[in-house]
Amino acid sequence: MKKLLSVMMIAAFLATGCCNSSDEPVKVILETDLGNDVDDALALGLAYNYIDSGKMDLLGICINKEGTAPAELADILNCYYGHPEIPIGVIRNGAFCETDAINYAKAVVNMRNEDGSMPFERSITDYDALPQAHELYRKILSSQKDHSVVIVSVGFSTNLLRLLETEPDEYSPLSGRELVEKKVKLLVTMAGAFENPAIHEYNVVKDIPAAKAVFEQWPTPLVTSPFELGIQALYPAASIESDFGEELNPIVEAYRSYLPMPYDRPTWDLTSLLYAVEGGDMFNISENGTIEVTPEGSTIFTPNPDGDRRYLSVDANQAQAIVERFVELIPAAGRTE
């Protein structure tokens with residue numbers, strides 16, 4: 001009976017998303033490869049709206065893209081949207097991805113005014129001194145209530161695996177796995193592809209061993225928004241060009257730097273954050289099961305009533321509603337009435 005109740009509770013929890021039943025904000029740590037695809041920058045815009053509206057408490061930003069530019073852009077965004085207090089963790093010796101796409105993070109941090117000054121404020125003077133992400137995770141998680149934190153991972157799984165492998169330290173006597181099991185209630189990822197196993201999704205293939213360990217061994221429920229979902233919901237270039245106002249905006253500049261304008265871009269990463277904060281009403285959610293990662297990087301879902309892995313999907317009407325929600329929230333972030 002205890003096993004049956006446990007399975008029923010997991011199913012109910014995953015079906016309704018992870019929004020708190022109370023008015024308390026969802027406590028989130030955001031894991032991102034900021035600087036690869038521009039949807040990461042849009043996801044942060046969505047995050048700032050959630051913070052200001054009281055829906056989310058962003059405990060930290062953990063970056064899994066190498067280099068100082070991603071952290072510097074995160075700092076710029078934090079400052080621009082009025083939240084320089086949000087801590088940032090970085091990765092060292094991670095997956096190489098510098099030549100995978102135009103690095104819009106570098107483009108934004110290198111922007112200068114005509115007089116040589118920087119157009120965007122920073123709060124950090126030494127980005128090389130930032131803590132590694134797995135260390136920041138331990139510091140944050142150790143101070144939170146049990147089963148209270150949602151990790152939203154919209155990049156590679158490297159930092160998550162490193163967290164699981166950490167040893168007891170000054171923050172907690174627990175191992176990384178024990179700390180996650182005690183403090184995290186849900187992991188929401190943007191990763192994988194389930195409609196076509198021949199698709200080896202980018203966030204998986206950049207670190208297949210880490211993705212395999214996380215999908216198969218992560219000790220809490222896991223919901224993922226796969227490749228085929230985000231590609232159905234395109235953020236419109238028209239919104240970038242008209243909805244953000246006339247003030248110089250780092251998200252707009254990132255978007256313009258990524259590809260020649262105008263272009264609509266899939267909202268892969270945003271959908272994970274939307275689910276984590278607002279729940280599952282705008283999505284279809286699979287039955288419970290397990291997810292296997294093959295050596296080539298395919299993600300294979302197998303239904304299993306005892307499993308605690310699920311994935312999201314949408315139809316055309318849901319995709320349109322999701323885009324409309326993003327266009328409503330992201331340009332409004334940081335604005336005061």
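These figures come from a predicted structure and were not determined experimentally. All residue numbers in this chain count up from 1 along the given sequence.
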Does E292 use its side chain to pair, donor to acceptor, with the backbone of E216 at less than 3.5 Å? no
Are Y137 and L179 side-chain neighbours, meaning at least one heavy-atom pair lies under 4.5 Å? no
Determine, stepwise, if the pair L229 / Y311 fulfils side chain to side chain contact (heavy atoms under 4.5 Å, CB included). CA-CA 10 Å; L229 192 162; Y311 68 91; over 6 Å; no
Only one of K27, K185, K182 forms a salt bridge (Lys or Arg N to Asp or Glu O under 4.0 Å) with D146, so which one is it? K182
Check whether any side-chain heavy atom of I322 lies under 4.5 Å from a side-chain heavy atom of F283, and answer yes or no. yes
Measure the acute angle between the ring planes of Y81 and Y48, then classify it against the limits of 30° and 60° as parallel, tilted or perpendicular. parallel
Considering only heavy atoms from C-beta outward, does the side chain of T267 approach that of D39 to under 4.5 Å? no
Does a side-chain N-to-carboxylate-O contact under 4.0 Å join E135 and R138? no
Rounded to the nearest 0.5 Å, what separation is found between the CZ atom of F194 and the OG1 atom of T299? 4.0 Å
Would you say K206 and N64 make side-chain contact, with heavy atoms under 4.5 Å? no
Distance check, rounded to the nearest 0.5 Å: N49 atom CG versus L44 atom CG? 12.5 Å
Output, in order, the C-alpha distance, side-chain angles, deciding distance and verdict of ring pair (Phe, Tyr, Trp, His ring centres under 6.0 Å) for Y202 and F156. CA-CA 8 Å; Y202 181 73; F156 320 141; 5.6 Å; yes
Less than 4.5 Å apart, any side-chain heavy atom of M261 and any of Y255? yes
Residue pairs, two or more places apart or on separate chains, that pass side-chain hydrogen bond (donor to acceptor under 3.5 Å, both in side chains) and touch residues 151-163: E31-N159, T158-D207
Under 3.5 Å, is there a donor-acceptor pair between the Q232 and E228 side chains? no
Does one hydrophobic cluster hold both Y275 and L234, with members joined at side-chain heavy-atom distances below 4.5 Å? no
Heavy-atom side-chain proximity of L273 to Y50 below 4.5 angstrom: yes
Report yes if some heavy atom in the side chain of Y235 is under 4.5 Å from a heavy atom in the side chain of L42; otherwise report no. yes
Please assess R122 against E72 for the test salt bridge (Lys or Arg N to Asp or Glu O under 4.0 Å), listing each intermediate value before the final yes or no. CA-CA 8 Å; R122 280 85 160 158; E72 189 171 354; 2.9 Å; yes
When rounded to the nearest 0.5 angstrom, what is the spacing between CG in L34 and OH in Y104? 4.5 Å
Run the side-chain hydrogen bond (donor to acceptor under 3.5 Å, both in side chains) test on T302 and N304 for me, step by step, so that the C-alpha distance in whole Å, both residues' side-chain angles and the decisive distance to 0.1 Å come before the verdict. CA-CA 6 Å; T302 303; N304 184 335; over 6 Å; no
Examine the side chains of S298 and E296 and answer whether a donor and an acceptor come within less than 3.5 Å of each other. no
